[in-house]
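The block underneath contains the structure these notes are about, expressed in structure tokens.
Only this structure's heavy atoms are used, side chains among them; waters, hydrogens and symmetry mates stay out. In what follows, every chain begins at residue 1, and chains take the letters A, B, ... in the order their sequences are listed.
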Amino acid sequence: MSETKGESFADRLPKHYVPADVEPRWLETWLASGSFRSAPDRAKKPYCIVIPPPNVTGILHMGHALNCTLQDILVRHARMRGYEALWMPGTDHAGIATQNVVERSLAEEGLHRDALGRDGFIDRVWGWRGKYGSAIVNQLKRLGCSCDWRRERFTMDDGLSRAVREVFVGLYKEGLVYRGRRLINWCVRCRTALSDDEIEHVEKQSRLWHIRYPLKDSRKSLTIATTRPETMLGDAAVAVHPDDERYREFVGATVVLPVMNREMPVIADAMVDPAFGSGVVKITPAHDPNDFEAGLRHDLEQITVIGPDGAMTGAAGKYAGLDRFRAREKLVEELEELGLLVKVEERRNSVGQCYRCDQIVEPFLSEQWFVSMRPLADKAIQASRDGKVSFVPARWERVYLSWLENVRDWCISRQIWWGHRIPVWHCGACGEMTVEVEAPAACSKCGSGRLAQDPDVLDTWFSSALWPFSTLGWPDETPELGYYYPTTVLVTARDIIYFWVARMVMMGLHFMKEVPFGEVYINGTILDENGARMSKSRENGIDPLVMIQGGRQRRFGKEFSYEGYGADAVRYTLCTLTTDGQDIKLAPTRFEMGRNFINKMWNASRFVLMRLAGVDQGTEPVAPEALDFSDRWILSRLARVAGDADRQIAGYRFHEYAKTLYEFAWGDFCDWYLELVKPRLSAGGNAAGAPARVLSWTLDNLLRLLHPVTPFFSEEVWSLLAEVAPARGLGVPEAAAPLLIRAAWPEPDESRIDARAEADMEQAMNVIRAVRNVRAKFNLPPKAPLAVTVSAADDAIRDALLPLADMVRAQAGAGSLDIGVGVRKPPQSAAEVMTGLQVYLPLAGLMNVEVERKRIGKELGKKRDALARLNEKLCNYEFTSKAPPEVVKREEDRKVELARQMGELEALRDSLAN
RNA sequence: GGGCGGUUAGCUCAGUUGGUUAGAGCACUUGCCUUACAAGCAAGGGGUGACUGGUUCGAGUCCAGUACCGCCCACCA
């Protein structure tokens, strides 16, 4: 397996990382090795996330990519931490939404669902579901999602459908599901009832028509105001406030409904706001929720004048058959002709639209099934108050609570075909309803076999609400249910806190007696580069699959071609953009950041792999004295970073996790440690032993830390590293895990933390930067060997720097380096004054003395100002007496150092004057 | 009508319990194809922290108010 060492090994490592050559291969390996699988294991602690099941309406968008990346980071991290981690995958049948997209695709063929019939249409939808369900799964896999795919569920699977029926029947028997004739929201295009949450309120320019209703047997009249004149055809009364003096005399009188010439009473009801309009309202019980309630109070007739298709009914007299909006126009014309239209006001008001097709919904009187929410919601409120469910960021708890506190009964029946049939059978003989989990053979009351199942299906969110336990096997008491429930965390988007999160908590508490998850992480919303929500109509979406593997995409009316950044780059970029659930403005070019980072890591890995190839790294523990200063430094940094990264993932601080690794990997490891290790490796022999081991160990750990966010890349390098360093570790080398995905998360080794090494390194870096700075400033050739002199402020600083002299000299490209305390500035040299020391570089003839003098003068000025501010602060008794002593001490130290630097600068300036 | 989020460098955004000179990526300037990497290296420029006031020895950070942008909720006949 490893005859590929040496030069041929390097040939296998392209200079640019090519994700397309790497990612599909590892996906196959992970799947074949069962690395994503999880099963109850009492020896381990469970960790479980259920995926928010994507709708099978179409392919995934960038919001899914973000949501799933975050879940995968959590699951991979938990798995490496030794948890028995399950990520439960699946998809949602998405009732109305899917029925709509299939209807649209039928329409393109000139077909209507009625032509296919119910069974034919449902077959067609299953076909659609098969196609998009598998496309979604493939997209998730391509993104690297480590779900246990054996367990994939669909909300209309047999098992989940049984769970739905069990819940319906259970709630029915408890009296929490009931049937009633009520005013519900009706979509005239979808031809179905909708719940309150499925209505989107959109503010629109509208009008307020003032219409005069003549009183019977009188010349007087009452004027009402309405935004919906067409509904007046269904009026049953007019109402005034009982305390309204203006209209007291009319209460009990009769008005004649114009056009219909129907006599109706004038009633008094406290719902009327005397201050609004004329203080008189029309009451239309069948077309307005308030009026419906008023109608019940006053026993008024419910006259339906707008039918389920949005056309006026036979009860609308001569307007029967007209579309509701056409009827409005005609009716207003007629009222005007009759002289009953008093005035028309322009007005903004919000109208309810169907969240799936944007049609304006109608309040519609019909027989529907409802869930009684109050008892269920109260438990969900209590769970949150008791801290059994908490939100991250915490502010979403209030949103969740306010919905639960104000929730009304939930209309769950839908007059569509795609979904779970309501488990109710109507008897053709006696009319009895039989409510059972399995289809009954005979009527529960009269025993007749003439049974017909209720034609309606359930709201899609009814089944989604059961997802955390239905996917684990409920109602059966499976080992999975006992082991993984309650799940650990739910990661989702804020727009389904009501639809889904709250309902899962309610159903979980009711049927499992426990919350479905302890924490809810609400991720931000992905917006386009202009801050607009991504949508098909705006043509501003970014297809995650195109970003991953390249391809063409139409945006803003233009066709773009993308080369593909790879799944890791997409994941890493999304991770860096995830701060505290903030929304994310995304442009395709943002993924360059992730791609560049991974390419950088690839090249750092290439370097390590090529240097380690063919080198005997030894089998003995690395003796502490064999560790160079730079080794101690990088190991110290690694120990810190391992702890930080762990806490950051556990605390859902995804951006910080990505940033911590970025700074360590690119900054510390690549920019510094790799450069420091080069000469030591080149020296060969014993000198190369320790650095080789530190190198493989550090890269090993870095790959582990990166794995949750960049799984493909890290797994690839892990396997290559295994070829050149099959056994790793600073103690007795141990065989590395065969696959990184199942390797252990690094235990932060506190004993490696070396504050002294970190501080000294910082000092050395500053000296090196100072030399480079001077070089750049005076445009010196990078290779010109300079005689660098460092003048330390005291012995301690000199002694710290002295052992690092070789390193500093090499990195600064200096020919020689002298370090001493209080060394005088060599003549004709440039200087950098910094904390604790000065750096001098001889620049005879290369330096413009006048320019340098000016620069020093400017710097001196800045320091003088800073010193003045410091002095003022330190002379302020309020400060010195009230600020913590350590803060005062720090400021005093600063002052001393600042004064020292100013002294040096002044001396410098004076020397240049000569 | 109620609530929430945002306003920091040219752009997109970070900033942990208030405490040195407010950071990053991109863009920009200068010099480099230095045998891991030009998707890179080195150095550098760039900020009245939306505005007003308050608390404090000290405010980007805490409080109050204002403005603008975005989102959510609401039985506004």
I'd like the C1' distance from B:rC71 over to B:rG58, given in whole Å.
36 Å
cation_pi(A:Lys600, A:Tyr662) dist<6.0 Å, angle<=45:
no
Return the value, rounded to whole Å, for the distance between atom CZ of A:Phe778 and atom C1' of B:rA42.
17 Å
I'd like to know if the side chain of A:Arg494 pairs up with that of A:Thr525 as donor and acceptor (distance under 3.5 Å, no hydrogens or angles considered).
yes
When every non-hydrogen atom of A:Leu574 is compared with those of A:Thr578, the smallest separation belongs to O-OG1, 2.8 Å
Test A:Thr231 against A:Lys282 for side-chain hydrogen bond (donor to acceptor under 3.5 Å, both in side chains), laying out the working first.
CA-CA 9 Å; A:Thr231 63; A:Lys282 68 189 204 52; 2.7 Å; yes
Protein and nucleotides 10-12 of chain B: nitrogen or oxygen contacts under 3.5 angstrom:
| from | atom 1 | to | atom 2 | distance (Å) |
| --- | --- | --- | --- | --- |
| B:rU12 | O2' | A:Arg590 | NH1 | 2.4 |
| B:rU12 | O2' | A:Arg590 | NH2 | 3.1 |

Regarding A:Glu675, tell me which of base, sugar-phosphate or nothing describes its non-hydrogen contacts under 4.0 Å with the strands shown.
base
Taking OP1 and OP2 of B:rU30, is either one under 4.0 Å from a side-chain nitrogen or oxygen of A:Asn779?
no
Could you label the plane-to-plane angle of the A:Tyr355 and A:Phe499 rings as parallel, tilted or perpendicular, counting under 30° as parallel and over 60° as perpendicular?
parallel
A:Ala569 versus A:Arg595, closest heavy-atom pair with distance
CB-N, 3.4 Å
Might you list the N or O atoms of the protein lying below 3.5 Å from N or O atoms in nucleotides 5-9 of chain B, with each pair's distance?
| from | atom 1 | to | atom 2 | distance (Å) |
| --- | --- | --- | --- | --- |
| B:rG5 | O2' | A:Gln582 | OE1 | 3.3 |

How does RNA chain B look in dot-bracket notation if pairs are Watson-Crick or G-U with both distances under 3.5 Å, crossing ones as [ ], other-strand ones as |?
(((((((..((((.....[...)))).(((((.......))))).....(((((..]....))))))))))))....
Considering only B:rG31, B:rA36, B:rC76, which nucleotide approaches the side chain of A:Leu674 most closely?
B:rA36
Between the side chains of A:His210 and A:Glu345, is a donor N or O closer than 3.5 angstrom to an acceptor N or O?
yes
Distance, nearest 0.5 Å, that separates CG of A:Leu296 from CZ of A:Arg182:
9.5 Å
Can you classify the ring geometry of A:Phe654 versus A:Tyr521 as parallel (below 30°), tilted (30 to 60°) or perpendicular (above 60°)?
perpendicular
Please pick, from B:rA14, B:rC76, B:rC75, the nucleotide with the shortest atom-to-atom distance to any side-chain atom of A:His201.
B:rC75
Hey, what do you get for CZ (A:Phe607) to CG (A:Leu609), rounding to the nearest 0.5 Å?
10.5 Å
Closest of B:rG44, B:rG19, B:rC41 to the A:Phe879 side chain is B:rG19
The reported gap from CD in A:Glu892 to OG1 in A:Thr880 (rounded to nearest 0.5 angstrom) is 8.5 Å
Given B:rC57, B:rG40, B:rG19, the nucleotide with the shortest approach to the side chain of A:Glu878:
B:rC57
